[in-house]
Amino acid sequence: LNTQSTGVGGEGDFSEEGTELFFVSTYSNFEKLAHGPRGTEARQSIYVYRFHPNDGSMVLCNRFGDPKEVLNPAFTRHHPRLNVVYTCTEDIEENGRIFAYRLECDGGLTKLGCVDAGGTSTCYLTIDKAQKNMLAVNYWNSTLSVLPLDSETGNFTGGIHSMYDPKEGKEMVAAAKKNGGVNHSNNDDSTIAARQADPHSHALVLDPFVGTVAYVPDLGKDLIREFYYNREGAKIELELNVLPSGLCTGMPDGPRYFVFHPDFNVAYVINELSSTVAVFSVDRALLNEIAAASKRGDVDMKAKFKGRSTLTLLQSVSCLPNAFPKHLNTCGRICVHKSGRFVIVSNRGHESIAIFRVKTSSRGAGRGTLHPVGHFHTRGETPRHFQFDSSGQYLIVANQDSDTIAVFNFNLSTGEIKYTGNEYRVPSPNFVCSCPFYPEDDRDATALEDDDELEQSVAQQEIESDLESEESVVHTIAQTKAMAKEALEHELGAARKEIEVLKERLAALATPTTASASD
């Protein structure tokens, strides 16, 4: 393991240009969690590393956070424009807290503010497209909160502005572990029955086109909930639709995270309990229709859009090898590589990263569907989270129950990963957040206004069908050429080795044999 220091390097080591930091959060009090980590409780909650892209190594810059204040930080969000990072606490007994920190290029953290998350076991944070509000998800009691942000500083400007409770105020059925409840890390029948006795919101993702529909995977009820988010009112106003998160096989799915493809009208859901990825097509026209109605201030959004889904299931694929027992695994994170060519998933139990290639051809109905590349061991136990560096060439994996983070090379052509040898000791790491440092002169950039976003989204949708085929063909040709080049280079290398072996054999045959003394 690489040695860490709690101190930082010399002043010259920390220039702003090209700096990328990784903010790693940890579990510090297992008793306060719904699940049961098996690693070491952290004495300090937050680790900040500086990343070196030449070899994928990292240097520890800062250890921060008294667990008495920053208890079990479990999700982190980097501001899209400012050097501000947010992290939330996970506690099933008391409301979560969301901290905002000013981040310096040397890894220093200055607390800007802290607010109540409005619910227990806070597990996800989203910043809306206007960068004026944060939306928080509370797993244990399933509530969704909206909190206002200062667009200049990134700090909170007040407490909860609005809240949505899918339970409609009903009490929780399940109990915490210490009160006889189940360990949510397990995947047996009794655990699943308890976990799915209540709704459990696990994420909230706004549509990336205009940001008026919020998608919330409900792990407790095997549903994807689609909400209308009123951007002007900063409020989740209406549940538009609910749909199953998988194939409805009669077995639990447990949807955990929801992500969009960066180029296609496709979204992916990772189902924690069934260890599957569900692929959905996204109705861009309906999203634009909802956004236009919101912009006009239509009064009865319910009458127009209730029961109309923007999602259609295309595919469900397993994240595990066929022979591996599903009850021994739960899935962790899912993401789409920035190239749009691969989907990556972590398996907790199988202790692997599962990688899928995305179908990019526009021919047929399969665009955006997945084909397995392979499974790769994570060099540790319980890979709860992982993150790419900003180049997309390195993958950093948080192995929660072996107290390590490991770094892998990512092959941009094949999608395969290879261990770099860089591994670091961190107690119970649960989240890795990439934080590229923004130079001072980049902070004046602002989000698009509502009208600009809608016009851009509608225009893009109108020309998309005309360009889709051509872009896909060009992309596919380039991809095929890259793969063919790599294959030929591999064959050439193998041929050269074979030639050298043959030369050695010929040389051996040409050398006269010396008679032995006995002859």
Side-chain angles (χ1 to χ4, degrees), residues 126 129 202-217 223-227 240-248 253 255-271 274 276-291 308-319 331 333-345 354-373 388 392 415 453 456-476 478-479:
T126 292
K129 285 184 73 68
H202 206 287
L204 186 154
V205 178
L206 293 168
D207 78 86
F209 313 113
V210 184
T212 54
V213 173
Y215 298 86
V216 177
L223 297 172
I224 303 300
R225 300 182 186 272
E226 299 172 79
F227 293 98
L240 299 172
N241 190 65
V242 296
L243 74 159
S245 65
L247 289 174
C248 299
D253 279 316
R256 181 177 176 89
Y257 287 130
F258 184 103
V259 294
F260 281 90
H261 192 280
D263 303 315
F264 306 152
N265 294 329
V266 172
Y268 305 93
V269 173
I270 183 64
N271 286 305
S274 63
T276 59
V277 176
V279 184
F280 292 89
S281 64
V282 179
D283 189 338
R284 183 74 168 274
L286 180 54
L287 283 172
N288 287 337
E289 187 181 342
I290 294 169
R308 298 173 65 185
S309 179
T310 62
L311 303 175
T312 302
L313 183 66
L314 297 177
Q315 181 190 27
S316 178
V317 293
S318 175
C319 301
C331 286
R333 193 192 178 206
I334 184 171
C335 83
V336 185
H337 188 267
K338 63 185 295 184
S339 68
R341 294 172 54 200
F342 301 99
V343 167
I344 301 93
V345 172
I355 300 175
F356 302 88
R357 184 179 294 278
V358 177
K359 183 179 178 182
T360 56
S361 172
S362 63
R363 298 179 185 276
R367 193 178 200 203
T369 55
L370 303 178
H371 180 78
V373 171
F388 282 97
E453 287 174 345
Q456 188 180 84
S457 181
V458 171
Q460 186 175 346
Q461 181 216 336
E462 289 173 349
I463 65 174
E464 202 168 57
S465 58
D466 296 330
L467 294 178
E468 192 174 63
S469 180
E470 180 182 350
E471 290 176 349
S472 179
V473 169
V474 170
H475 182 74
T476 303
Q479 176 183 326

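In this text, all values refer to a predicted model and were calculated from it rather than measured experimentally. Side chains are part of it too, since the values below use all heavy atoms of this structure and drop only hydrogens, waters and symmetry mates.
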Practice item. Report yes if the side chains of Leu247 and Leu313 come closer than 4.5 Å at any heavy-atom pair, otherwise no. Key: yes
Practice item. For the residue pair Leu243 and Leu223, establish whether any side-chain heavy-atom pair is separated by less than 4.5 Å. Key: no
Revision key, fill the gap. Smallest heavy-atom separation, Pro262 atom then Lys338 atom, equals CG-O, 4.4 Å
Check your understanding: With distance as the sole test, does Asn265 use its side chain to make a donor-acceptor pair with the main-chain N or O of Ser281 at under 3.5 Å?
Key -> no
**Study point:** Val259 side chain near Val205 side chain, heavy-atom distance below 4.5 Å
**Key:** no
Exercise for review: Determine yes or no for a side-chain-to-main-chain donor-acceptor pair under 3.5 angstrom, with Asp207 supplying the side chain and Val210 the backbone.
Suggested key: yes
Review point. Hey, what do you get for OG1 (Thr310) to CD (Glu289), rounding to the nearest 0.5 Å?
Key: 12.0 Å
**Study point:** Geometric cation-pi criterion Arg357 and Phe342, 6.0 Å radius, 45° cone
**Key:** no
Review point. Under 4.5 Å between any side-chain heavy atoms of His261 and Val358, yes or no?
Key: yes
Practice item. For Thr126 and Leu204, indicate whether the former's side chain and the latter's backbone hold a donor-acceptor pair under 3.5 Å. Key: yes
Point to revise | Test of ring centre spacing under 6.0 Å for His371 and Phe356 | key: no
Review point. Where the side chain of Asp283 meets the backbone of Leu286, is there a donor-acceptor pair that is under 3.5 Å apart?
Key: yes
Point to revise | Side-chain (His202) to main-chain (Pro255) donor-acceptor, under 3.5 angstrom | key: no
Review point. To the nearest 0.5 Å, what is the distance between CD1 (Ile270) and OG1 (Thr276)?
Key: 6.5 Å
Check your understanding: Taking atom SG of Cys331 and atom CG of Asp253, what is their separation to the nearest 0.5 Å?
Key -> 10.5 Å
Practice item. Decide yes or no for Phe260 and Val266: does some side-chain heavy atom of the first lie under 4.5 Å from some side-chain heavy atom of the second? Key: no
**Study point:** Electrostatic pair Arg308-Glu226, nearest N-O below 4.0 angstrom
**Key:** no
Review point. With a 4.5 Å limit on heavy-atom distance, are the side chains of Ile224 and Val242 in contact?
Key: no
Revision key, fill the gap. In terms of heavy-atom contacts, Cys319 and Val345 come closest through SG-CG1, 3.9 Å
Review point. So do the side chains of Val269 and Tyr257 get within less than 4.5 Å of each other, counting heavy atoms only?
Key: no
Point to revise | Donor-acceptor contact below 3.5 Å, side chain His337 vs main chain Gly340 | key: no
Exercise for review: Locate the shortest heavy-atom distance separating Phe280 from Pro244; write the atom from each residue and the value.
Suggested key: CZ-O, 3.8 Å
**Study point:** Nearest atoms (heavy-atom pairs only) where Ser274 meets Asn271
**Key:** OG-CB, 3.3 Å
**Study point:** Any Leu370 side-chain heavy atom under 4.5 Å of Gln315 side chain
**Key:** yes
Check your understanding: Can you name the nearest heavy-atom pair linking Phe264 to Arg367, along with the distance?
Key -> CE2-NH2, 3.1 Å
Check your understanding: Quick check, are the ring centers of Tyr215 and Phe227 under 6.0 angstrom apart?
Key -> no
